[in-house]
Amino acid sequence: MARLFGTDGVRGLANAELTPELATAVAASAARVLAAHDRSHRPVALVGRDPRASGEMLEAAVVAGLASAGADVLRLGVLPTPAVAHLTANLSADLGVMISASHNPMPDNGIKLFGEGGHKLPDGIEDEIETGLSEHGTRPTGAEIGRVTEATDALDRYAAHLLASTPHSLAGLRVVVDCANGAASTAAPQIYRKAGADVVALHAEPDGVNINDSCGSTHPERLQEAVVDHGADLGIAHDGDADRCLAVDATGALVDGDQIMAVLALAMADAGELADTTLVATVMSNLGLHLAMRAHGVTLRTTAVGDRYVLEELRAGGYSLGGEQSGHVVLPGYATTGDGLLTALRLMSRVAETGKPLAELAGVMRRLPQVLVNVRVADKAAVADSPAVRDAVDAVTAELGDEGRVLLRPSGTEQLVRVMVEAPAEDTAQAAADRLAGVVSAAS
């Protein structure tokens, strides 16, 4: 059977795949596993959610599961995912639970778990939780049943942490923030204003069904228009749970996660904060980021696709900045997971500090055209070992030289091979990708 936990918790269509019964069972098993690992005290769990309608139902189920297993629960209400991670550490909780499907459409939902210190749970603990779904044992009764209380200062605590992590006042900046009708709808405008910015809030009226609906980081078009219409210095686009952000410069041009990392890397290098003068990114980051970092003496280390691999590399090497092209950026000195609000604050601080427009700062990196072709195959492993495919990749790589890049990557979940080519010109990249896709298809 497929593993219940994916790369970012348990996710599925709410009330169909992700049912209240499953949510209760996962929460109860998590509480039991954590209690078994540390019997010195009664477990304490925090529960937050994004504003999608099914979150109300699943929150009730998760809280019931935790309390039924003897864990005390503090309900945080609607908050960004990174706020739950931060508060898990800040309040010395044993477990943090975030109910969200991030940038996915409203009908989906998910359960993300954070362990002690606000870190994502290791695979081994997730496996124990999954195994424990069918093990009920003796349930606590009487005074041993977990108690449930409401947090009154969760957002204030998170805001204080972010403001303390912001190196420069944002006074004088006008910013449009697209909250995706999600978890950032209250937090982002409020915190950016406290940091000194003149804020125009966009898509900040969640009604339970409009989260990520033609807005936010997956649909930045309206934000791009609004930045120009309001004469703003820049725009910020969050996703449904605000663990990532993209930006828009004053001309309405999109600034992606690679460009944001380039700006932050140089800012941190100037401030002596970039550990080992190293940035961590995935293999999907644009070659332009590699070239820009090389030109400025910054080492770029790459990982497999997925924020968990970026986090592993950051922790293993003691590095201070990493992320993905999607805008999921991690600053381990300030957060244990990707934090879109923290990323935005640091980016806006750099604009305010230097007095340079975002377009100029982001211009340190030139994005090379990147073409991705998905090829359906019968056996992705066999294709990866094909001499014909290897020879074709070597030939295209030699043709592109230092001005281009080729990446063939088997899908983690489907019989697909993803062919990615970067080149100085779009037509060059497309032609090379199509050529390689043909070889991959023939080899299958």
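By convention here, the first residue in the shown sequence is residue 1. All values reported here derive from a predicted model rather than from experimental measurement.
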Indicate yes or no for a side-chain donor-acceptor contact from [X] to the backbone of [Y] under 3.5 Å, with no hydrogens or angles considered.
| X | Y | answer |
| --- | --- | --- |
| Glu128 | Val33 | no |
| His296 | Leu291 | no |
| Arg3 | Phe5 | yes |
| Asp339 | Leu341 | yes |
| Arg75 | Gly48 | no |
| Asn210 | Asp213 | no |
| Thr166 | Leu162 | yes |
| Gln224 | Gly252 | yes |
| Gln415 | Lys380 | yes |
| Asn212 | Pro105 | no |

Nearest 0.5 Å please: distance from the [atom1] atom of [X] over to the [atom2] atom of [Y].
| X | Y | atom1 | atom2 | value |
| --- | --- | --- | --- | --- |
| Arg367 | Glu422 | CZ | CD | 11.5 Å |
| Leu358 | Asp249 | CG | CG | 5.5 Å |
| Leu266 | Thr354 | CG | OG1 | 11.5 Å |
| Ser29 | Ile129 | OG | CD1 | 6.0 Å |
| Asp307 | Asp8 | CG | CG | 5.5 Å |
| Leu223 | His230 | CG | NE2 | 10.0 Å |

Could you tell me whether the side chain of [Y] reaches within less than 4.5 Å of the side chain of [X], counting heavy atoms only?
| X | Y | result |
| --- | --- | --- |
| Asn90 | His161 | no |
| Leu246 | Ile236 | no |
| Val10 | Leu18 | yes |
| Arg405 | Met420 | yes |
| His119 | Phe114 | no |
| Leu13 | Asn109 | no |
| Thr299 | Asp276 | no |
| Leu416 | Val377 | no |

Ion pair present between [X] and [Y], side-chain N to carboxylate O less than 4.0 angstrom?
| X | Y | value |
| --- | --- | --- |
| Arg308 | Asp123 | yes |
| Arg222 | Asp178 | no |
| Arg193 | Asp198 | no |
| Asp239 | Arg244 | yes |

Count the heavy atoms belonging to other residues, nucleotides or ligands that lie under 6.0 Å from [atom1] of [X], then report whether that count exceeds 12.
| X | atom1 | value |
| --- | --- | --- |
| Glu205 | CD | no |
| Glu273 | CD | yes |
| Arg301 | CZ | no |

Judged by modelled atom types alone, do [X] and [Y] share a side-chain donor-acceptor pair under 3.5 Å?
| X | Y | answer |
| --- | --- | --- |
| Asn104 | Ser102 | no |
| Arg418 | Asn374 | yes |
| His41 | Asp94 | yes |

Distance-minimising heavy-atom pair for [X] and [Y]:
| X | Y | answer |
| --- | --- | --- |
| Leu173 | Ala352 | CD1-CB, 4.1 Å |
| Val305 | Met284 | CG2-CG, 3.4 Å |
| Ile260 | Cys245 | CD1-O, 3.7 Å |

If you apply the rule side-chain contact (heavy atoms from CB on, under 4.5 Å), what do you find for Asp243 with Thr337, and how did you get there? CA-CA 8 Å; Asp243 66 350; Thr337 189; 5.6 Å; no
Test Asp50 against Ser100 for side chain to side chain donor-acceptor pair (under 3.5 Å), laying out the working first. CA-CA 6 Å; Asp50 72 25; Ser100 174; 2.7 Å; yes
Only one of Lys112, Arg52, Arg11 clears salt bridge (charged side-chain N to carboxylate O under 4.0 Å, His left out) with Asp241; which? Lys112
Checking Leu408 against Val417 for the side-chain contact (heavy atoms from CB on, under 4.5 Å) test, could you report, in this order, the C-alpha distance in whole Å, the side-chain angles of both residues, the deciding distance, and whether it holds? CA-CA 7 Å; Leu408 258 68; Val417 172; 4.3 Å; yes
Full working for side-chain contact (heavy atoms from CB on, under 4.5 Å) between Glu324 and Met261: CA-CA 8 Å; Glu324 299 180 278; Met261 286 191 288; 5.8 Å; no
Show, in sequence, the C-alpha distance, side-chain angles and deciding distance for Leu202 and Val177, and conclude whether the side-chain contact (heavy atoms from CB on, under 4.5 Å) test is met. CA-CA 6 Å; Leu202 190 67; Val177 55; over 6 Å; no
Mind checking whether His86 and Tyr158 have parallel, tilted or perpendicular rings, split at 30° and 60°? tilted
Positive for side-chain contact (heavy atoms from CB on, under 4.5 Å) with Val73, one of Val97, Val63, Leu95, Thr149: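 Result for side-chain contact (heavy atoms from CB on, under 4.5 Å) with Val73: Val63.
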